[in-house]
Amino acid sequence: MHDLFANLGLGMHVVFQLVDWKVNFFGTQYVVPNVPLNLAFCLIGALVGTLIGVLPGIGTVATVAMLLPITFGLPPVGALIMLAGIYYGAQYGGSTTSILVNIPGEATSVVTCLDGHEMAKQGRAGAALSIAAIGSFAAGCVATVLVAALGAPLTRLALLFGPAEYFALMALGLIFAVVLARGSVLKAVAMIMLGLLLAMIGTDIETGVDRMTFGFIELSDGVGFTNVAMGVFGFAEIIRNLELSAESRDIVKAKITGLMPTRQDLIDSSGAIARGTVIGSLLGILPGGGAVVSSFAAYTFEKRISKTPERFGHGIIQGVAAPESANNAASQTSFIPLLTLGIPPNAVMALMVGAMTIQGIIPGPQVMVKQPDLFWGMIASMWVGNLMLIVINLPLVGVWVSLLRVPYRLLFPSIIVFCCIGIFSINNSPSDVIIAGVFGLFGYWLAKHEFEPAPLVLAFVLGPLIEENLRRAMLLARGDATVFVTRPISAVLLAIALGLLVLAVLPSIRKRREEVFVEE
Amino acid sequence: MTDGGQTSAGGSGFHFRIRAPREFWGGIVLVAIALIALYASRDLAGMDGFQFGPGTAPRIAAGLLGLAGVVVAITGVFTDGPKIDSYALRGPALVFIAILGFAVMVRPLGLIITTYLTFMISIFGSREMRLVESLIAAAAMTLFCIVLFFVLLELPFELWPSIRI
């Protein structure tokens, strides 16, 4: 317990640290002394994250991917703190959009849309927005402490992991992604396989042979995670939104008044916030895209225990409070597998891996031991980032609303241009931009046939790690495939994975699962 | 919406109808992708004793993808399901052309011209576009991008066409 607070204290110290800031301005270098630089990065991250996340049709993943290049020039701690800020900002921006316009940026905001937009139509947009912020902040506080508390023990556990255990854990993560995906289990499995296959394009790590590159030199480094993510989450979404007519984007016209929720609102939503936080924190730790499902799960749970379930979908405040707290808690606890085991549990965390690698940090148990200031600084910045959101976003609601009033015919070309420059700047490679464009069209096709892109992207991220650990485990066991069931940790993980998969295809559970996702 | 497959219930055997075209064609495309992957990895070495070769994992993944695709397609034949949504042509085509245009132009023409032109191409993806308004918005967005990426973030871009002989 003492350690926990000492560590959080170290983190706070890193976040609030005053440093001399060196700026290059038109060739001359200025030094500004005593600037809380990391705090500033956190603030800027939360601001621009919200700014981009608010744009209709741009979800969290696309926002983080778009803004990744702007952190390249920063020192490692600052870059990661800023990215974390961008992440929370993007998520909050997404909820703002789903409350004010009926276009959810991505799956996490779909549920918020149901009651949030109804509330906005009834002139209670202010209350919905502030409850979303308050719920997120409360959930963020709990989740931050949870991440800090679980960090050390899980890191020790991670040191017991060999290749077989890593393989089993990632297999479990993929199974989770299948079970938690919307729609058919079979199609989600197909998406996993497709993601793994795409991840294998490029040079084989062990033998150095080009695999499935069709002779393109551009592909020998692989397809590139940012390209895939930008394609299927960014460009594909734009293409799909273009199909909607202007009328279907129904922005709340009324002026937003009364930002503060009433005392009754707070009382009504406090239980929902607490339950949402618990559900979100638990689901977030699971590898396999917890943030999405946690908002669905929290909403469904809230509706089930409510005395007035019929009011859900007609602008009840619990319907906003529960999913918003849940997805914020989950988005924070999803840092746990990344920081302790080095396994990204969802697409945003995969982008974090990319950012860390660019900064020369290999995510995994070593980070906490070797770079405690970075590890704890990042965790402390989560809490500070959440605080920032509540401080900056409520007064800035007017700004976000005016941004939403920009017609889509002007927004989408701006997003395209911005994405193109962002992708290009990562490797200075025009072919990356083309690859992202191709994945944009492919993502559009996937949507038309109701294939979920999330399991694909997760499998794409985990692909190289899975293959490497599978090969290594087989090599260490001298080709004996039973190694995965004779080593206890690996056996338990695989048994859970198998159990889950069986459960998911059982008819009775399948029906319940569909119920969770089809909320109407 | 999901209905409409009842008519052939009485007639037996010979002509069968695809009852869920969206699933069927989705599955078929997955199978095609799996076959392409198997073809592309045909020359890669497989298992060497107990050691994985570079071709082992791709073939496993492609095999399972193909299998899943076949099952999805078969379900599409035997169970009722929705039709394929109509595809839009204009939006996807122009968005893709704009992206492609960016990739082709950015090296020779520099960032400023490329950004402006990419913006102007993509506006045609929407039916609601207005020319004059877009010309101004494109200029504003170009300025914004230059300030952000070049001035503030100091990323190494060529701004203007570079003439190489």
Side-chain angles (χ1 to χ4, degrees), chain A residues 24 69-70 72-73 184 186-187 189-190 193-194 196-197 200 204 206-207 209 211-214 235 238-240 242-243 246 407-410 412-414 416-418 420-421 424-425 428 430-434 436-438 440-441 444-445 448-451 467 470-471 474-475 477-480, chain B residues 22-23 25-26 29-30 33 37 40-41 44-45 49-55 57-58 61-62 64-65 68-69 71-72 75 84-85 87-88 91-92 95-96 98-100 102-104 106-107 111 115 118-119 122-123 125-126 128-130 133-134 137-138 141 145 148-149 153-157:
Chain A
N24 274 314
I70 71 172
F72 285 171
S184 129
L186 181 65
K187 286 165 108 178
V189 171
M193 290 305 150
L194 187 55
L196 292 176
L197 201 56
M200 290 166 193
D204 177 37
E206 280 175 37
T207 55
V209 186
R211 303 197 288 188
M212 301 185 281
T213 58
F214 298 95
F235 290 144
I238 292 174
I239 298 175
R240 284 176 57 197
L242 281 176
E243 283 184 3
Y408 198 67
R409 60 172 188 274
L410 294 179
F412 87 89
S414 313
I416 291 176
V417 166
F418 197 87
C420 285
I421 300 179
F424 178 69
S425 67
N428 258 326
S431 57
D432 278 355
V433 182
I434 299 177
V438 171
L441 292 180
Y444 177 66
W445 179 84
K448 286 286 174 193
H449 289 266
E450 289 233 316
F451 287 111
E467 193 192 346
L470 176 64
R471 283 164 87 163
M474 291 291 278
L475 190 64
R478 314 213 124 251
D480 181 10
Chain B
R22 193 179 73 187
E23 311 292 302
W25 291 109
V29 171
L30 293 185
I33 294 174
S41 55
L44 297 172
F50 53 76
Q51 208 172 338
F52 269 40
L64 291 173
L65 175 66
V71 182
V72 171
T75 1
I84 304 178
D85 271 6
Y87 287 92
V95 169
F96 189 70
I99 295 168
L100 204 62
F102 181 93
V104 174
V106 67
R107 280 272 167 79
L111 193 63
T115 307
T118 307
F119 192 102
S122 47
I123 59 156
S126 163
E128 301 157 24
M129 70 101 176
R130 297 171 194 174
E133 179 194 74
S134 306
M141 188 61 196
C145 287
L148 178 68
F149 287 102
L153 298 173
E154 300 174 346
L155 295 175
F157 284 116

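Proteins get letters first, then strands, A, B, ... in listed order; numbering begins at 1 in each.
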Checklist entry - Quick one: do A:E206 and A:R471 make a salt bridge, cutoff under 4.0 Å? => result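 A salt bridge is present here (some side-chain N lies under 4.0 Å from a carboxylate O).
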Checklist entry - Are A:R211 and A:E467 ion-paired here, with the side-chain N under 4.0 Å from a carboxylate O? => result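 Answer for the salt bridge query: yes.
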Toward chain B, the part of [X] with a non-hydrogen atom under 4.5 Å:
X      : result
A:M200 : side chain
A:D432 : neither
A:I416 : side chain
A:S425 : both

Checklist entry - In terms of heavy-atom pairs under 4.5 Å with chain B, which of A:D204, A:V189, A:T213 leads? => result A:D204
Checking heavy atoms, do the side chain of [X], its backbone, both or neither come under 4.5 Å from chain A?
X      : answer
B:A137 : side chain
B:L64  : both
B:V106 : side chain
B:F119 : both

Next on the checklist: Looking at A:Y444 and A:F235, would you say the former's side chain and the latter's main chain have a donor-acceptor pair under 3.5 Å?
Outcome noted: no
Next on the checklist: Main chain of B:I123, side chain of B:S126: is a donor-acceptor contact present, judged purely on distance under 3.5 Å?
Outcome noted: no
Next on the checklist: At a heavy-atom distance under 4.5 Å, which candidate from B:V29, B:T75, B:L148, B:T118 has the highest pair count against chain A?
Outcome noted: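 Sorted descending by pairs with chain A, the first entry is B:V29.
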Next on the checklist: Only pairs of heavy atoms separated by less than 4.5 Å count here; which of B:S41, B:G125, B:P54, B:A40 has the most with chain A?
Outcome noted: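 Winner by heavy-atom pair count: B:P54.
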Checklist entry - Would you say A:L410 and A:P407 make side-chain contact, with heavy atoms under 4.5 Å? => result yes
Checklist outcome for this item: Residue set satisfying ring pair (Phe, Tyr, Trp, His ring centres under 6.0 Å) with B:F157, at least two apart, ordered chain then number -> A:F424
